[in-house]
Amino acid sequence: MIGASSSGALTVACDTLDDEQIAAASDLIANAGGELYRRFGLPHPRLLEMLAEQLRSEEPSEIKDSVALLDDDGTIAAVVSAYPASEQEDRQVAGLFHIVSALDDAEPILTAVGHPANTLPSIPADSFYLARIAVAPKYIGTGLGSQALAVFENKGRTFPSLSLHVADDNRRAQAFYRKHGFTAGTSLAGGYLCMSRPTHGRATGAVDKTTP
Amino acid sequence: MTEAEIYDQLTGVMRRLFKDESLVARPEMTARDVKGWDSLKHIRFVLECEKAFKIKFKTAEIAAFKNVGDLQRLIIAKLAAKV
């Protein structure tokens, strides 16, 4: 069990997870995707299938190269998806294409994505971007969120800054990121704020097994 | 299918999608040259090309082509692979 006093959760690249773990990671990501995924109108099992394919795939998407934080028994406790901001458009387009190209009718999803509510404030072009951070409900409040954020900070440590989007009405998440040095930009789009901070030092808190 | 026939078909797809009868597909043409060619239109364009040429693109391919000439070469390769 991972707790606040834990010395660090084990992290592994999602493309090395077994089928059961991939399914659990996909479920966490689907839940973290919230309103956007609901607007897609895909049956939940189909959405999970597609997210699982993206987690395993070499092809670009927002969740390619995701990292999972594991409990002692191998349970997926959190998933972190992050990448260079310069890759954002290509990853979003490719990930969305992967989903819609498998459907008979792509229009409902393309319409949902094009809805003004899904327009996000721009992020610093040279930053490292946190696309998803998903913590399993039973680990919320245990300090695992900080460990997941440390994974993101470590992956982005060679970039000038770190960036992310957070819902304008999600005060709890905003407070969490502020505690970790992030500040909010002034622009608001689609009900989201961009938060960012300069990169400094090497983050700690998780045992990273994703790089040699 | 010849190169010219592929460009003709691409022109037709573009005109329908972007609602502009003056568009003519050219090798050096990019999204910046066409009004309204944003990320979502890009996906629609690729899906329309799949239907028009009866081929399927891989996810990585649609981010890889940088202009219409790249797309035309990709289409030729896929059509050749079907034969």
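These values consider heavy atoms only, across backbone and side chains, with no hydrogens, waters or symmetry-generated copies. Residue numbers begin at 1 in each chain, while the letters A, B, ... track the order of the sequences.
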Proximity breakdown for A/Ala94 and chain B, heavy-atom pairs closer than 4.5 Å: both
Donor and acceptor N/O pairs, chain B versus chain A, under 3.5 angstrom:
residue, atom, partner, partner atom, Å
B/Ser39, OG, A/Glu89, OE2, 2.8
B/Arg44, NE, A/Glu107, OE1, 3.4
B/Arg44, NE, A/Glu107, OE2, 3.4
B/Arg44, NH2, A/Glu107, OE2, 2.3
B/Lys56, NZ, A/Ser101, O, 3.1
B/Thr59, N, A/Glu59, OE1, 3.0
B/Thr59, OG1, A/Glu59, OE1, 3.1
B/Ala60, N, A/Glu59, OE1, 3.4

Where do A/Phe97 and B/Phe57 come nearest, in terms of heavy atoms and distance? CE2-O, 3.6 Å
If I compare all heavy atoms of B/Ile43 with all of A/Val93, which pair ends up nearest, and what's the gap? CD1-O, 3.6 Å
